[in-house]
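Beneath this line is the structure, given in structure tokens, with notes to follow.
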Amino acid sequence: MKSSGILEKYRSLLNLPAHTKTISLGEGETPLIPIPHIAEELGGGFDLYVKYEGLNPTGSFKDGGMVAAVSEALGAGAKTVICASTGNTAASAAAYATRAGMKAIVLIPDGKVARGKLVASVVYGAKVIQIKGSFDDALKLVVEITKKHPIALVNSINPYRLEGQKTAAFEIVDQLGKAPDLLCIPVGNAGNINAYAMGFAQYDGLKKTGVPEFLGVQASGAAPLVIGKIVEKPDTIATAIRIGNPARGKQALEVVRKHGGKIIAVDDKEILAAQRRLALDGIWVEPASAAGLAGLMKEIKEKKLNVKGKKIVIVCTGNGLKDPDIIEMAKPVLIEPTLEMLEKAVL
Ligand code: F0G
């Protein structure tokens, strides 16, 4: 089957300017995978699914937004795009820009960018600039430079990013037949939770499919929306969401106020445990992507959430292959290539 991508598929539902020149790498149509074993372990009586956005072309949910932002920028005549990134936005911007015949410049924080993401930006031909500062510093800089020079900003401040990303909510509704009761989602710069809210609300307006409550999950070392103030030195092993001053933070709080739910924090241990548990069900995601499940586990354990009879979707935003270095592993056993030694090793 030809994969035409989300812009072609959902064009009439997307608020994109007429000049948009549609490109695609076949993004979207990611699976909604049932995880009944994990639901059982958490007490059962509810349906639990993973929306596995890590199966997009560059391995993260960013592709849904990036295809829209780059297509618009291309149509508007931009030659170069720029973004600040903890890694995934950078890889996605790099891939879509080169696909569109444009240049990409990506600003990443000093250290703490998962290797798979950095390598991706390089291999797609982006100019990678590391700054002696945080993601939040990088974001400030790209906003400044795009005000001064004709370079298109493709961070999620760009409204077309959310237009593209909201299609993941359409997909969930199409896959489930209606909106879930609860959506568990990691929160970093807070673009994605807003995109999902937009998507569910739009479909609900058209087809009465409902809008879920939201469980937004930050890492406890980078949880400005939970503690109610900017975090100057955010720190977490979930480097993708190592953000102290989310650009769409206020809007994210508005989402949970309007649709119900909350934003909570989980610590790195809880994130790694959730990552490990998903992997043992065959779904390997990067640490930030496991925050949604970590949050759900915590809420259920602390009896703060009634899940009985509900349909719950966990958004897994990025592929585990992005960040293999975070996995602790013993060296594989090494044997002589004989049947005898193999039998000794496996029996
Ligand atoms: N999960 C992953 C894997 C991410 O890369 C990000 C954000 C998020 C969750 C949070 O999404 O920012 O919309 O709330 N990564 C950005 C980046 C910041 O630069 O790649 P958000």
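We number each residue from 1, following the sequence as shown. Atoms within each ligand, like the ligands themselves, are counted from 1 in listed order.
With a heavy-atom cut-off of 4.0 Å, E286 touches ligand 1 through its side chain alone. The proximity of I243 to ligand 1, defined as any non-hydrogen pair under 4.0 Å, is limited to the side chain. Residue contacts with ligand 1 for K62 involve side-chain atoms from C-beta outward but no N, CA, C or O (heavy atoms, distance under 4.0 Å).
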### Task
Go through K311 and D181 one step at a time and tell me if the salt bridge (Lys or Arg N to Asp or Glu O under 4.0 Å) criterion holds.
CA-CA 5 Å; K311 284 193 191 308; D181 299 294; over 6 Å; no

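Close contacts of ligand 1 with T89, meaning ligand atoms under 4.0 Å from a residue heavy atom, involve 16 (C), 17 (C), 19 (O), 20 (O). For ligand 1, the atoms sitting less than 4.0 Å from at least one non-hydrogen atom of T86 are 15 (N), 16 (C), 17 (C), 18 (C), 19 (O), 20 (O), numbered in the order shown with element in parentheses. Within the listing of ligand 1, atoms 12 (O), 14 (O), 21 (P) sit less than 4.0 angstrom from a heavy atom of N189. Of all atoms in ligand 1, numbered sequentially from 1 with element shown, those under 4.0 Å from a heavy atom of I241 are 8 (C), 9 (C), 10 (C). Counting the atoms of ligand 1 from 1 in the order shown, those under 4.0 Å from a heavy atom of G191 are 13 (O), 14 (O), 21 (P). Set against the non-hydrogen atoms of S85, the atoms of ligand 1 under 4.0 Å away are 17 (C), 19 (O), 20 (O). Each of the atoms 14 (O) of ligand 1 lies under 4.0 Å from some heavy atom of V187.
Proximity of the aromatic rings of Y196 and F214 is defined here by a centroid distance below 6.0 angstrom, and this criterion is not met.
With a 4.5 Å cut-off on side-chain heavy atoms, I283 and I33 count as touching.
Residue A190 holds the heavy atom nearest to atom 21 (P) of ligand 1 of all those in A290, G54, A190.
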